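Structure first, then comments.
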Amino acid sequence: MWTGAGRLDTAGASWSVQLRTAPSSLRPSRLHSWAHSSLSCKSPASLAVVVVESAQPSTGCHPAGPGPRLPKVYCIISCVGCFGLFSKILDEVEKRHQISMAVIYPFMQGLREAAFPAPGKTVTLKSFIPDSGTEFISLTRPLDSHLEHVDFNSLLQCLSLEQIVQIFASAVLERRLIFLAEDLSTLSQCIHAAAALLYPFSWAHTYIPVVPESLLATVCCPTPFMVGVQMRFLQEVTESPMEEVLLVNLREGTFLMSVGDEKDILPPKLQDDILDALGQGINDLQTSEQINEHVSGPFVQFFVKTVGHYASYIKREANGQGHFQERAFYKALNSKANRRFVKKFVKTQLFSLFIQEAEKSKNPPAGYFQQKILEYEEQKKQKKSREKTVK
């Protein structure tokens with residue numbers, strides 16, 4: 001399953017659903033390129049279910065049916081990251097595949113005709129299956145999917161809390177980051193977790209969880225990137241001409257290269273707040289969900305305190321189009337350290353893309369970030385009220 005990194009509200013849009021069969025001669029390594037050239041994501045809600053049939057008979061892919069047969073792989077390609085929802089769709093496709101390919105098409109048609117669910121909403125499809133009758137399938141899109149398919153425990157096992165905060169700081173300023181590890185799963189999990197720390201913002205530059213040998217020259221790019229490289233290519237990487245890069249050795253838990261100012265990027269008090277929050281009770285967490293919420297929370301709170309007031313500085317014309325008041329926005333911060341940081345942050349692609357979406361929308365998007373902004377504003381009101389009462 002491949003999905004884009006953007007977090008777009010596609011409420012009311014229709015599914016652009018296609019069921020296509022990849023050529024039997026296609027090598028697995030070329031599937032991604034073929035899919036993108038064959039299936040265009042014309043809207044953020046676009047979704048494609050791709051069937052890949054191998055040219056080599058196999059007896060190990062689908063248990064149904066006797067004797068050798070061509071294995072099939074169903075993939076979903078989408079511009080929206082809703083892993084749980086897409087997983088349920090694939091389950092339904094697989095269930096129908098075991099009966100007949102002809103049963104899959106009515107299900108796909110039902111998807112086409114249904115509206116793509118808004119965040120937190122559910123669409124119900126009616127589908128007929130031979131010998132089972134009519135089924136009603138509920139597909140729910142999470143209100144906020146920023147922790148879906150994320151494993152922060154992978155970062156905690158490889159790095160210290162201080163190192164994770166420095167990686168976050170480097171990513172916030174869109175620097176070049178390289179992660180090194182022996183195995184592919186560690187690379188992909190850690191780099192995905194590092195990108196997820198940026199929520200509600202999305203990494204908009206080169207992002208390759210596992211760089212193949214043929215693309216190692218990527219580490220020489222002058223533009224921002226976040227990439228993972230297997231440890232066996234360490235010598236090639238360190239001998240490459242690179243500037244201002246943070247080279248993270250996940251196996252040893254060390255930085256092999258750094259700019260040197262990573263500890264000074266974030267405002268000191270807010271950086272201490274992140275570290276304090278991360279350290280409190282971290283050894284008592286048991287489930288991956290608890291770990292994810294515990295790790296993500298302090299970084300979300302950092303953005304709430306530094307840029308959570310953005311909506312108040314979008315001035316709107318009569319037609320609803322918004323215009324962000326950048327100077328007034330960062331000057332509204334009382335802390336000089338916070339103001340210095342935000343003055344740099346507003347120049348990044350991370351922030352620019354976020355604000356562009358906000359300018360188009362008349363109301364702030366519902367979700368976890370907006371919920372935390374409202375909670376923070378309420379806390380400030382209560383604090384002011386208590387201070388007035390004391391006086």
Side-chain angles (χ1 to χ4, degrees), residues 7-9 11 81-82 84 118-121 140-148 150 152 161 164-165 168-169 172 193 195-202 266-282 284-285 287-314 322 324-325 328-335 337-339 341-342 345-346 350-351 353-355 357-359 361-390:
R7 297 179 181 87
L8 303 173
D9 183 354
C82 298
K121 301 299 182 181
T140 301
R141 180 178 174 186
L143 181 63
D144 203 309
S145 58
H146 74 283
L147 292 181
E148 272 199 307
V150 175
F152 284 125
L161 298 180
I164 292 173
V165 171
F168 167 76
V172 161
L197 292 175
L198 297 172
Y199 172 85
F201 305 95
S202 298
L266 305 181
K269 184 181 183 308
L270 295 185
Q271 181 166 270
D272 289 342
D273 288 345
I274 294 175
L275 288 170
D276 289 344
L278 287 175
Q280 290 177 6
I282 194 167
D284 300 327
L285 304 174
T287 67
S288 59
E289 289 78 12
Q290 290 175 335
I291 293 172
N292 282 350
E293 289 180 10
H294 181 86
V295 173
S296 174
F299 295 100
V300 173
Q301 199 64 22
F302 170 82
F303 285 127
V304 168
K305 292 177 179 178
T306 52
V307 298
H309 58 298
Y310 74 93
S312 300
Y313 293 88
I314 297 177
F324 181 59
Q325 310 297 305
F329 168 71
Y330 64 72
K331 286 181 75 68
L333 294 166
N334 294 325
S335 165
N338 291 3
R339 201 155 56 236
F341 167 78
V342 171
F345 183 56
V346 295
L350 286 172
F351 188 79
L353 293 175
F354 178 86
I355 283 298
E357 290 296 321
E359 287 175 331
S361 177
K362 292 183 180 180
N363 299 307
Y368 184 75
F369 185 56
Q370 184 60 26
Q371 175 188 328
K372 290 301 175 182
I373 290 174
L374 295 175
E375 289 177 3
Y376 181 65
E377 290 176 348
E378 182 61 29
Q379 289 170 3
K380 288 199 298 183
K381 287 180 183 177
Q382 292 177 1
K383 184 179 178 181
K384 284 184 179 180
S385 179
R386 288 194 299 269
E387 290 173 350
K388 287 181 180 179
T389 302
V390 172

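All figures in this text were calculated on a predicted structure; none of them were measured in a lab.
Each of Val165, Leu198, Val172 was evaluated against Phe299; a single residue qualifies, Val165, per the side-chain contact (heavy atoms from CB on, under 4.5 Å) test.
Closest approach of Phe354 and Pro200 over heavy atoms only: CD1-O, 3.9 Å. Between Gly322 and Ile314 the shortest heavy-atom distance is CA-CG2, 3.8 Å. Heavy atoms only, all atoms of each residue included: Gly367 and Tyr199 are closest at C-OH, 4.5 Å. The minimum heavy-atom distance between His294 and Leu278, with the atom names listed, is NE2-O, 2.7 Å. When all heavy atoms of Leu197 and Val295 are compared, the pair lying nearest together is CD2-CG1, 4.1 Å. Of all heavy-atom pairs spanning Glu359 and Phe324, the tightest one is OE2-N, 2.9 Å.
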Show, in sequence, the C-alpha distance, side-chain angles and deciding distance for Phe351 and Val342, and conclude whether the side chain to side chain contact (heavy atoms under 4.5 Å, CB included) test is met. CA-CA 10 Å; Phe351 188 79; Val342 171; over 6 Å; no
Stepwise side chain to side chain donor-acceptor pair (under 3.5 Å) check, Gln379 with Glu375: CA-CA 6 Å; Gln379 289 170 3; Glu375 289 177 3; 5.3 Å; no
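Atoms NZ and NZ, from Lys305 and Lys380 in turn, are 10.5 Å apart once rounded to the nearest 0.5 Å. If you take CD1 on Ile274 and CG on Leu161, they are separated by 11.0 Å, rounding to the nearest 0.5 Å. Tyr368 contributes atom OH, which lies 7.5 Å from atom CG of Leu147 (distance to the nearest 0.5 angstrom). Separating the CG atom in Asn292 from the OG1 atom in Thr287 is a distance of 8.5 Å, to the nearest 0.5 Å. Here the CD atom belonging to Gln301 is positioned 9.5 Å from the CZ atom belonging to Phe369, to the nearest 0.5 angstrom. How far CD of Gln271 is from CG of Leu266: 5.0 Å, rounded to the nearest 0.5 Å.
Ring geometry for Phe168 versus Phe302: interplanar angle over 60°, hence perpendicular rather than tilted (30 to 60°).
Judged by distance alone, with hydrogens and angles left aside, the side-chain atoms of Asn338 form no donor-acceptor pair with the main-chain N or O of Pro267 at under 3.5 Å. Distance alone, capped at 3.5 Å, is enough to place a donor-acceptor pair between the His309 side chain and the Phe329 backbone.
Residues Glu357 and Leu353 form no side-chain contact, since every pair of their non-hydrogen atoms from C-beta on lies 4.5 Å or further apart.
Side-chain rings of Phe303 and Phe345 approach one another, their centers coming within less than 6.0 Å.
In this structure, the side chain to side chain donor-acceptor pair (under 3.5 Å) partners of Lys269, at least two apart in sequence or on a different chain, are Asp273. For Glu293, there are no salt bridge (Lys or Arg N to Asp or Glu O under 4.0 Å) partners two or more places apart in sequence or in a different chain.
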